[in-house]
Enquirer: 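One structure is given below, represented as C-alpha cells, and several questions about it will come after.
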2 protein chains.
Amino acid sequence: MEVIRRNTEYGIRALVHLAASHEKMASAGEIAESQDIPIDFLQKILQRLVRRGIVKSHRGSQGGFSLAKDPRQVTVLEMVETMQGKLAMNKCFLGKDGCPRAPRCPLKQNWLSVEEKIAEFLRGITLQDLVDQLRGTDS
Amino acid sequence: MEVIRRNTEYGIRALVHLAASHEKMASAGEIAESQDIPIDFLQKILQRLVRRGIVKSHRGSQGGFSLAKDPRQVTVLEMVETMQGKLAMNKCFLGKDGCPRAPRCPLKQNWLSVEEKIAEFLRGITLQDLVDQLRGTDS
DNA sequence: TCTATTGCGACTATTCTAGTCCTGTTTTCC
DNA sequence: GGAAAACAGGACTAGAATAGTCGCAATAGA
C-alpha cells in the first residue's frame, strides 16, 4: 500500500529542481527532461503549484517557472497536501457525516493520532532541507 | 488520500467482534450481519486472517471462526499488514530494485522515518485495547 | 507576426479496489 | 449414507482512482 502518489513525487522533484537552480527560471520542458517526468503531466502538476502560490509562472517565449517562496518556508507537508490533498488514515473523517459508527468506533481516535504524527513530521522538513540533503551526497 | 482500505477496516471489525464474544465461535454470516459487511467479501477477509494464524476456522455445520491468539498479542499493525501488506510511504522501497534514483533521492530517508513512526504507533495498540475502548463507551 | 511557452479543460488508458459468483471440501446431524 | 451448514479458494466483474495525453486558447518576447 502506498501513501505518496506519483504526482506528489513528481511535484516535489520539480520543486527541488527549481530550488536548486536558485532564482533562475526553468521551463516545464527543462524540468521534465532533467527530472524524468512526462511533460504533459508535469504541466498539470506545475499548475497546481502555481495556484497554491508555491511557484510563479511566466508565460510566453523565454517563459517558465520559478519558486515564489523562500525554500525554507515551504514544507513537505504543504507540497504533499497541494498535490494530493489532506491525507487521512481512513474515510471516517471525510465526507460530510463520516462513518455512522464513529461514536462507537474504537479506532477513530487512533487513526487521528497517526495522522497528526505524520503531519507533524512532514511539517518539520522544508524544501531547503531536501536541497541541502541532495548537495550533501554530491561531495 | 486514504491509507487504510476497506478490507482492513472490515477485518479489524471482524476481529473485534470475535474478541468480544470471548471464545465462542461465530460464523461468517453472523459476523457479516452484526458488523455490516458484505458476506462474500468477509469470507475472503477471514481467510486471510486464518492463513496468518490470527483466526482459527472450523468447517462443517456448526462451524465458524474464533480467535487463534490472545487478543493482547494481536497488534493493529499486524492486522493492517495482514490485510493490505506492509504500508510504504512511496514505491521507492517496493519492487526488486526500487527507484533508480534512490542513491540521490533526498526523500527516501524521510519516508523511511515516517514509516517507522507509523509502524511503532500501530504496534502499540492491541486487539484487546480496541475491545476495552469499545466497552468503555457502553457505560 | 512568428514562435515559445503557460493555462486549462476534455479525454483516454491503466491499475487498483471492492465486491460477486461458482465450485469444491469438510463436518455435523438426522 | 445423505442432506445441510459451513469454510476454501480461485475466477470474474464493476466501478473508482490514478496516470497520462491532447488540443486549443492566451500571452509575451524577438
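Numbered from 1 within each chain, the chains take letters A, B, ... in sequence-line order.
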Enquirer: State whether a side-chain donor-acceptor pair under 3.5 Å links A/Asn110 with A/Ser113.
Expert: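 Result is no, nothing qualifies.
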
Enquirer: Would you say B/Gln62 places a side-chain N or O within less than 4.0 Å of OP1 or OP2 belonging to D/dA5?
Expert: no

Enquirer: Which nucleotide in the set D/dA19, D/dA8, C/dC29 lies at the smallest distance from any side-chain heavy atom of A/Arg6?
Expert: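 Nearest nucleotide to the side chain: D/dA19.
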
Enquirer: Whole angstrom is fine here: how far is it from NE2 in B/His58 over to P in C/dT26?
Expert: 16 Å

Enquirer: Is it true that B/Gln128 and B/Asp132 share a donor-acceptor pair across their side chains at a distance under 3.5 Å?
Expert: yes

Enquirer: Using whole Å, what does the distance between atom C1' of nucleotide D/dC7 and atom CD1 of B/Ile45 come to?
Expert: 15 Å

Enquirer: Measure the distance from CD1 on B/Ile4 to P on C/dC16 and round it to the nearest whole Å.
Expert: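 So the two atoms are 18 Å apart, to the nearest Å.
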
Enquirer: Salt-bridge test for A/Glu78 and A/Lys69: reply yes if a basic N is under 4.0 Å from a carboxylate O, no otherwise.
Expert: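 Counted as a salt bridge, because a side-chain N and a carboxylate O are separated by less than 4.0 Å.
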
Enquirer: Have a look at B/Arg51 and say if it touches a base, only the backbone sugar-phosphate, or nothing, with a 4.0 Å heavy-atom cut-off.
Expert: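 It contacts sugar-phosphate atoms only.
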
Enquirer: Just by distance, do the side chain of A/Ser21 and the backbone of A/His17 share a donor-acceptor pair under 3.5 Å?
Expert: yes

Enquirer: Given atom CE of A/Met83 and atom P of D/dA19, what is their separation to the nearest angstrom?
Expert: 9 Å

Enquirer: So which nucleotide from D/dC7, D/dT27, D/dC22 ends up closest to the side chain of A/Arg59?
Expert: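 Closest nucleotide to the A/Arg59 side chain: D/dT27.
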
Enquirer: Applying the side-chain contact (heavy atoms from CB on, under 4.5 Å) test to B/Ile125, which of B/Thr75, B/Val74, B/Leu130, B/Leu77 qualifies?
Expert: B/Leu130

Enquirer: What is the distance, rounded to the nearest whole Å, between atom CG of A/Leu46 and atom C1' of C/dG9?
Expert: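 Going from CG in A/Leu46 over to C1' in C/dG9 covers 17 Å.
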
Enquirer: Looking only at side-chain atoms of A/Val50, point me to the closest of C/dG19, D/dC7, C/dG7.
Expert: C/dG7

Enquirer: Report the nucleotide, chosen from D/dA4, C/dT20, D/dG20, that has the shortest atom-to-atom distance to any side-chain atom of B/Pro38.
Expert: C/dT20

Enquirer: State whether A/Glu9 and A/Arg13 are salt-bridged, where the test is any N-O pair (Lys NZ or Arg NE/NH1/NH2 against Asp/Glu carboxylate O) under 4.0 Å.
Expert: yes

Enquirer: Using OP1 and OP2 only, check whether a side-chain N or O of B/Tyr10 sits under 4.0 Å from C/dG19.
Expert: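 Result: yes.
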
Enquirer: Over all strands shown, is A/Gly29 touching base, sugar-phosphate only, or nothing at heavy-atom distances under 4.0 angstrom?
Expert: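 The answer is nothing, as A/Gly29 stays clear of every strand by at least 4.0 Å.
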
Enquirer: Base of D/dG9, side chain of B/Gln47 - is there a donor-acceptor contact under 3.5 Å?
Expert: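 Such a pair exists between side chain and base.
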
Enquirer: Could you check which of D/dC7, D/dC22, C/dT5 has an atom nearest any side-chain atom of A/Asp40?
Expert: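 Side chain of A/Asp40 sits closest to D/dC22.
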
Enquirer: Nearest of C/dT6, C/dG7, C/dA10 to any side-chain atom of A/Lys44?
Expert: C/dA10

Enquirer: Measure CD/B/Glu9 against P/C/dA18 and give the value in whole Å, please.
Expert: 11 Å

Enquirer: Write down the distance between CD (B/Gln43) and C1' (C/dC22), rounded to a whole number of angstrom.
Expert: 13 Å

Enquirer: What is the distance, rounded to the nearest whole Å, between atom CG of B/Asp36 and atom C1' of C/dG19?
Expert: 15 Å

Enquirer: Taking only side-chain nitrogens and oxygens of B/Ser27, does any of them come within less than 4.0 Å of OP1 or OP2 of D/dA5?
Expert: no

Enquirer: So if I take every side-chain heavy atom of B/Ser61 and compare against C/dG19, D/dT18, D/dA4, which nucleotide ends up nearest?
Expert: D/dA4

